[in-house]
Amino acid sequence: MHLLEEDPQNLPPRIRCSDACDPLTLETNHTRCLHRIHQALQHYRDLLGSDIFQDQPQPQLETTMEQLLRHVQEGHGHHPRHPLVPTPLWARQLHRHQALKRLRSFAAVMGRVFNHSAR
């Protein structure tokens with residue numbers, strides 16, 4: 001049995017148990033968790049700027065991703081965009097729906113991490 005947890009090609013990036021985002025670990029070392037959140041924010045920012053959102057751009061959401069990236073940045077400087085593979089026209093609506101659904105789920109988990117860290 002091959003678990004998703006162990007899949008190195010796990011895209012979009014998801015927070016996994018091994019990312020140490022649990023409350024006990026966050027109190028002592030939050031580096032791994034922030035790294036995973038950073039990866040996911042970059043992925044969703046790039047996705048929002050891709051062809052699947054060409055017909056329905058999400059400028060506010062894209063701006064929010066940029067702002068969150070600045071808050072979570074691991075180093076200094078600009079976060080380059082990574083070009084994504086073009087999506088066939090017929091699949092864009094489905095991919096857009098899936099991306100927004102996954103982003104909503106990720107935002108809920110990220111909110112829990114930041115909520116705990118703020119205490």
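Just so you know, these numbers use all the heavy atoms, side chains as well, and skip hydrogens, waters and symmetry mates.
Contact check for V109 versus R112: side-chain heavy atoms found under the 4.5 Å cut-off. Residues R102 and R14 form a side-chain contact, since some pair of their non-hydrogen atoms from C-beta on lies under 4.5 Å apart. Counting heavy atoms from C-beta on, the side chains of T25 and R32 never come closer than 4.5 Å. Between E66 and E62, the closest side-chain pair of non-hydrogen atoms is not below 4.5 Å. Between H30 and V113 there is no side-chain heavy-atom pair separated by less than 4.5 Å. For the pair L61 and L103, the minimum side-chain heavy-atom distance is below 4.5 Å. Contact annotation: the side chain of F114 approaches that of V72 to within less than 4.5 Å [non-hydrogen atoms, C-beta and beyond].
Side-chain atoms of D46 never come within 3.5 Å of backbone atoms of H43 as a donor-acceptor pair (strictly under, hydrogens ignored). Remark: the backbone N or O of T31 is paired with a side-chain donor or acceptor of N29 at under 3.5 angstrom.
Taking each heavy atom of A99 and I52 in turn, the nearest pair found is CB-CD1, 4.2 Å. Residues A20 and C33 approach most closely at O-CB, 3.8 Å, considering heavy atoms. Pairing each heavy atom of L48 with each of F53, the nearest pair is O-CB, 3.5 Å. Residues L69 and R45 share a closest heavy-atom pair of CD1-NH1, 3.6 Å.
Considering CD of Q58 and OG1 of T64, their distance stands at 10.5 Å, rounded to 0.5 Å. Distance check, rounded to the nearest 0.5 Å: SG of C21 to CD1 of I37 gives 5.0 Å. Taken to the nearest 0.5 Å, the CD1 atom of I15 stands 10.5 Å off from the CD atom of Q39.
Environment of CD in Q93: sparse, with no more than 12 heavy atoms of neighbouring residues, nucleotides or ligands closer than 6.0 Å.
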Step-by-step salt bridge (charged side-chain N to carboxylate O under 4.0 Å, His left out) determination, D51 to R92: CA-CA 8 Å; D51 61 354; R92 290 181 185 174; 3.3 Å; yes

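One hydrophobic cluster, built from ILVMFWY side chains closer than 4.5 Å, cannot hold both L89 and L47; they sit in different ones. Follow the hydrophobic side-chain contacts under 4.5 Å out from L94 and you never reach Y44; the two are in separate clusters.
For R96, the salt bridge (Lys or Arg N to Asp or Glu O under 4.0 Å) criterion is met by no residue, not counting sequence neighbours.
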